[in-house]
Amino acid sequence: MTRTPLRPLARILEARQKGENPDAIERENLRIRHEQMRDKARVRAEGRLLVMSVMFLVAFAVVGARMGMLAASEPAEPRAHASGASIIASRADITDRHGRILATNMETHSLYAHPQQMIEPLRAAKALKAIFPDLEEERLVKDFTDPKRKFLWVKKKISPEQMQAVHDIGEPGLLFGPREMRLYPNGALASHVMGGASFGREGVASAEVIGTAGIEKFFDAELRDPARGGAPLELSIDLSVQAASERVLDAGMRLLNAKGAASVLMDVHTGEVISIASLPDFDPNDRPRPPTKCSPSDSPLFNRAVQGVYELGSTFKIFAAAQAMELGLVRPDTIIDTRPPFKVGGHRIGEFEGHNYGEIPVEEIIIKSSNRGTGKMALAIGIDRQQDFLKKLGFFEPTPLEIVEAAGGKPLLPARWTDLSSVTISYGHGLSSSPLHLAAAYSAIANGGTLVKPTLLKQRGAQFGDRVMSPQVAAASRDMLRKVVSTGTASFGEVPGYHVGGKTGTADKPREQGGGYYKDKVIATFAAMFPAHDPKYVLIVTLDEPVETSGSKPRRTAGWTAVPVAAEMIGRIAPLLGLRPDYDMGEVAEVTLVRQ
């Protein structure tokens, strides 16, 4: 661009010749130059403003279009792409059927160390030992003084009080990280259902909580799913009933010197497990390590109600009677000869304490618990039909309960199902199953002949499956079970106000090694249903190696051990279940009201 001089020589000379002031020319040129510069700056500014306006317009258009697209799209959960973002997701609560908390989350902190930043590692190790007695001071000193060590976990979770105590140490190399831990506010209550949780992926800023056992592991993905929107997992368990059941079962186990105990309370129409207990138990807040020695059943982690498969003794006899009636082979009043001898496959079939019940009806076979009578019905039924019936009742596969341990409770069946197997299985020997299997099978009798699937999830109504017996046969079976309590081997099972029906079962305990059975160790079981005339619930109580010692000699049969425990349990939990007692008042004399 050509720059015009402020005092052009030609114009200056011309102005002097005319007698004009040359400075006026300079001032005029300076004014013109300033106006040109101002016009150029204004044009430049207007251009910039136009560009900025266009940019803002485009930005607002993009944001508006994006907002419109989001408003018109289907809702979806955001997916974090950062490596640590997925760790922060919270875990859903678990509640009982009434919304009471069984498992929830609690904010806490972890404790870790940067040894290279520590000023007084020896003093810090000693102070930490005083706060956390389970730590090893020598190990801490070694780790804190290792020149190659840059990071060290000290405690994965600590309480606020412990955090303050560590803070008071004043060691800059001890640091805290936020944590969300799983909390079971009821302690050991329903511990085998809950199972427990632990940390998965973790960093100093957060940690992933994952299920390690029980329902926590079975529903791990669902409990961690953000799409739940904070909705809890609602179980069928009743916390009050669970607490009462465990309290009674624990007292009975201790009173009878039993090695272990289990109980299952199940709704016969929905399959809901209202309470399920296994003793000894544990606190899922401080879950013990799995055993590395001895038998797994010796560990408190072992769920006897689901994983424990036992020969459940004479509780199986009602199945033989029900199937024989369903096939039209017998009626409750059909007479069967139970007199000895009775041999099958070269083996003599005896009765408890050598009894000889003679010729008695089917009803008396169940009431008196006759092995010979039940065995003869089993032979009449036949191997194939017996297998088919027991398979339908669920005795061939693990129960489909929503805890990971249920898959390990597969029944033990005979390698060869002979006539002798058929007879012994009819009275509960030769086939091992869990108390939960027995609860599901008895529920089919209690509800009128249809199968129900055991579940730990709250249901909204009856959940009937296939029919396995007619309502008439189921009613006749219930009547027999009621008489077992009122006049038979389970007389201690009577509960005032509640009509109980059930069957005892006492099975010799098999040896772990060498085969055969112990002479003084039994599995005692009582399978009950109440109210017997219109059953709502089935209760199974099983005791491992019980012995009642109040008499002149030890008594181990279920009538003296499992039955009284079940009766006490029914008396405690029936009111909690909303069942009103029904007392038989007998003949009521005429009453005349007199006004005073």
Side-chain angles (χ1 to χ4, degrees), residues 97 236-238 240-249 252 261-277 305 312 314-315 317-319 322 366-367 435-436 438-450 452 454 462 471 474-505 524-543 558-559 561-585:
R97 64 187 303 106
S236 61
I237 296 293
D238 186 314
S240 299
V241 175
Q242 180 76 25
S245 299
E246 290 192 19
R247 190 175 297 115
V248 173
L249 190 66
S263 71
V264 179
L265 179 69
M266 186 170 157
D267 188 309
V268 303
H269 298 104
T270 65
E272 293 172 302
V273 176
I274 308 301
S275 75
I276 181 168
L312 296 174
S314 297
T315 57
K317 289 176 179 175
I318 193 63
F319 302 138
I366 300 302
I367 294 172
L436 186 60
L438 195 64
Y442 265 69
S443 293
I445 297 174
N447 66 29
T450 55
V452 288
S477 300
R478 292 195 301 270
D479 183 61
M480 294 179 189
L481 295 175
R482 171 59 187 154
K483 291 179 179 179
V484 171
V485 175
S486 60
T487 63
T489 58
S491 58
F492 289 154
E494 195 69 271
V495 181
Y498 299 99
H499 304 290
V500 179
K503 184 71 186 75
T504 55
T525 303
F526 182 50
M529 57 183 66
F530 61 98
H533 59 281
D534 183 20
K536 300 292 190 302
Y537 302 96
V538 158
L539 173 66
I540 309 297
V541 172
T542 298
L543 299 175
T561 56
V563 172
V565 174
E568 179 67 20
M569 194 177 294
I570 292 171
R572 296 278 189 93
I573 66 177
L576 298 175
L577 294 167
L579 298 178
R580 299 180 60 182
D582 179 18
Y583 294 102
D584 185 4
M585 303 302 293

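Side-chain atoms are counted along with the backbone in the values below, which use heavy atoms only and exclude waters and symmetry mates.
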Ile237 and Ile276: CA distance, side-chain angles, deciding distance, side chain to side chain contact (heavy atoms under 4.5 Å, CB included) verdict: CA-CA 8 Å; Ile237 296 293; Ile276 181 168; 4.3 Å; yes
Side chain to side chain contact (heavy atoms under 4.5 Å, CB included) between Phe492 and Thr504: does it pass, once the steps are laid out? CA-CA 11 Å; Phe492 289 154; Thr504 55; over 6 Å; no
Evaluation steps, side chain to side chain contact (heavy atoms under 4.5 Å, CB included), between Val268 and Val452: CA-CA 7 Å; Val268 303; Val452 288; 5.8 Å; no
Can you check side chain to side chain contact (heavy atoms under 4.5 Å, CB included) on Leu539 and Met569, steps first, answer last? CA-CA 9 Å; Leu539 173 66; Met569 194 177 294; 3.8 Å; yes
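At least one side-chain heavy atom of Tyr537 sits less than 4.5 Å from a side-chain heavy atom of Leu577. The side-chain heavy atoms of Val484 and Phe526, taken from C-beta on, include no pair separated by under 4.5 Å.
From Arg247, atom CZ reaches atom CZ of Arg572 across 7.0 Å, with rounding to the nearest 0.5 Å. Here the straight-line distance linking atom NZ of Lys317 with atom CD1 of Ile367 works out to 12.5 Å at 0.5 Å rounding. Annotation: the span from Ile318 atom CD1 to Ile445 atom CD1 amounts to 5.5 Å, rounded to 0.5 Å. The CG atom of Leu312 sits 8.5 Å away from atom CD1 of Ile540, with the distance rounded to the nearest 0.5 Å. Between the CZ atom of Phe530 and the CG atom of Leu265 there is a distance of 5.5 Å, given to the nearest 0.5 Å.
Considering every non-hydrogen atom in both Ala527 and Leu438, the closest pair reads CB-CD2, 4.0 Å. The shortest non-hydrogen separation linking Ser486 to Glu494 is CA-OE2, 4.1 Å. Scanning all heavy atoms of the two residues, the minimum distance from Ala244 to Leu576 falls at CB-CD1, 4.0 Å. Here the closest non-hydrogen pair linking Ala305 and Ser263 is CB-O, 4.3 Å. The shortest heavy-atom contact between Lys503 and Ser314 is CG-O, 3.3 Å. The nearest pair of heavy atoms linking Thr542 to Pro435 is OG1-CG, 3.7 Å.
For Asp534 and Lys536, the salt-bridge test passes: some basic side-chain N is under 4.0 Å from an acidic carboxylate O.
Checked by atom type and distance alone, the side chain of Arg482 never pairs as donor or acceptor with a backbone atom of His533 at under 3.5 Å. The backbone N or O of Ile274 lies less than 3.5 Å from no partner atom in the side chain of Asp238, so there is not a single donor-acceptor pair. Put simply, the side chain of Asn447 gets close to the backbone of Gly449: a donor and an acceptor are under 3.5 Å apart.
Checked against the 6.0 Å centroid threshold, Phe319 and Tyr442 count as a close aromatic pair.
Ser245 pairs with exactly one of Leu249, Val241, Val248 by the side chain to side chain contact (heavy atoms under 4.5 Å, CB included) rule, that one being Val241.
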